[in-house]
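So the structure is just underneath, and the comments pick up after that.
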Amino acid sequence: MTSKKYFQGEGPWSDADQLVLYLDTGSWRSMRPVVEVESCIYCGLCALFCPTQCMINKNGEYFEPNLDFCKGCGVCAKECPRGAIIMKPEGEFNDE
Amino acid sequence: MTSKQQDQVMVITGNAAAAYGAMLCSPDVVATYPITPQTEIIEKLFEFSASGELDAEMVPVEGENSAMNVVTASAMAGGRVFTATSSWGLAFMYDAMLAASGTRAPVVMVNVNRETPGIIAVSSGQQDMISTRDSGWISLIAESCQEILDQVIMAYRLAEDYDIQVPVMVNYDGFYLSYMAERVEVPPLKVVTDFLSVLKDQPQRQVLLPGKPFGCGSHGILQGYVELRHKHVQAMERAKEKFDAIDKELENHFGRSYGGQIEEYRTKDADIVLVASGSMCGTIKTVIDRRRDEGLRCGLVRLRMYRPFPWERLVQVLKGKKGIGVVDRSVGFGLQGGPIYVEVSSLSAKFGDIPIMSFIDGIANTDVTADHCEQMIDQVLAAAQGEEYPELTWVCLENGQE
């Protein structure tokens, strides 16, 4: 058996006080949200709508997806009132 | 210290005994929907609630499916919960039962055994319990009204134990035990509270607290799912010895004990052993006593725990016997024998190559009479002496009235 534990407790319980981050949803991603920091007005809508709750608050200035968990659904880009988040194909990145 | 001196002796039905058992454990939430032959439990609990003896949130739901969802959610919110059902009702809450066990909610439920939908049979049979075999629930079976009361109390110790956290279903034969009144010693609330107080000393299980939200029923796909299934199966394994231990503690507190996972009745030097469960065991014991007087070394293993299946103890007690008969109060569709027979016979590699016979009797209120028990013992005896024998015998069919 793998030594990695996905759940700390006995059941399918997760800590909703922090983030609901316990699945390897990052591996599902084919499109990556890229935040144009200068356009971001820190309204927080992307973080509110993000299904995996993976938007990281960057010092109260802007938000950025945690790519370990971002599944590339594009909800943040759709909801951003400033159009500051652009979905780009994963193939354009060579960081993996 | 036992409660014996302070026990209130009553003559009550099995259903009332279940209600007393539940009431004495002081549940926080009771959600139930009526169904024959279980309804009396609900009536009784509402009486307790009205009189102030039971201080619980009583939720009269619109169906069994809701009942199970209400108690599951309440249990995960930290409450002690109770529900009761039977047959159709059990079938109607099946998906919610899977959710209860999957989320490891320590629900305690009484299931009054009754035949299942299709052929309208308002009659006894364990088919409903059998159909939930792989639901991940712990399943217990009681023989008498007293045992019903005690088993409900034990069920809370088992379900809510920090090392277990698995829902528990207490089964007993509808119509026979549900409506039959027997002498029952009802322990004082204080003794039951003492018995359950062990749970308070354990670490706090995961519950929903105000201001501290947690995700329940979270995704666990691939390895996450494997991990949780493995944990659940391990907990079921632990439940067996835990149940034996709780049974011993019951003796200290209440002055009664039943043998834990199985009751071994005159099996020690027995050559012929019947394996059975539920109310029919009273009759079987009487017949065994009679045959013992005649010099036949026979005994009974009474299954008190259906899931997890107590195979270790069964192997221990059945090893060295000359013939075994397994009595099922249900049928095994597509199985060559009753469901419990199939499980017992699967152990033969561990206890030796001896004749094992399957008897189906008592389904749909066909009484398991003393005559039937004599026949079964005779047939197992003949098989043990080398005669050819059928694997499966429908005792209730062959003895059917014209």
Side-chain angles (χ1 to χ4, degrees), chain A residues 1-33 43-58 60 63-79 87 90 96, chain B residues 72-73 75-78 97-107 135-138 158-167 202-239 242:
Chain A
M1 227 178 93
T2 171
S3 58
K4 184 178 174 186
K5 284 273 180 282
Y6 289 81
F7 294 93
Q8 287 176 350
E10 276 285 301
W13 314 319
S14 55
D15 191 350
D17 194 29
Q18 301 296 314
L19 297 169
V20 193
L21 303 178
Y22 47 87
L23 281 180
D24 184 20
T25 42
S27 69
W28 304 357
R29 192 176 60 247
S30 61
M31 300 287 279
R32 181 185 298 192
C43 66
L45 278 178
C46 57
L48 272 176
F49 278 100
C50 174
T52 55
Q53 300 177 39
C54 77
M55 296 305 284
I56 306 164
N57 181 344
K58 297 298 244 186
F63 286 90
E64 198 177 78
N66 177 348
L67 293 177
D68 286 342
F69 296 98
C70 170
K71 56 183 175 178
C73 68
V75 168
C76 55
K78 174 86 178 160
E79 295 297 335
M87 301 302 291
E90 275 298 318
E96 278 177 332
Chain B
T72 299
M76 289 321 295
M97 280 181 70
L98 299 180
S101 67
T103 53
R104 307 288 298 276
V107 172
S135 62
W137 279 59
I138 292 169
L158 200 53
E160 292 180 13
D161 192 285
Y162 189 75
D163 291 333
I164 309 292
Q165 299 188 59
V166 173
Q202 295 183 342
Q204 172 67 54
R205 66 182 173 90
Q206 174 83 59
V207 297
L208 183 66
L209 297 169
K212 185 95 180 67
F214 85 102
C216 181
S218 311
H219 278 261
I221 52 173
L222 300 170
Q223 280 303 116
Y225 189 94
V226 174
E227 179 190 320
L228 291 181
R229 275 295 190 243
H230 186 252
K231 282 176 174 171
H232 192 159
V233 168
Q234 298 287 97
M236 291 291 269
E237 284 301 304
R238 291 193 292 270
K242 181 71 76 175

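The chains referred to below are lettered A, B, ... by the order of the sequence lines, with proteins before strands, and numbering in each begins at 1.
Atom CZ of B/Arg238 is surrounded by more than 12 heavy atoms from other residues, nucleotides or ligands within 6.0 Å.
Heavy-atom minimum distance, A/Glu10 versus B/Ala235: OE1-CB, 4.2 Å. The two residues A/Pro12 and B/Gly102 have their closest heavy-atom pair at CD-O, 3.1 Å.
A donor-acceptor pair under 3.5 Å is absent between the side-chain atoms of A/Trp13 and the main chain of B/Val207, judged by distance alone.
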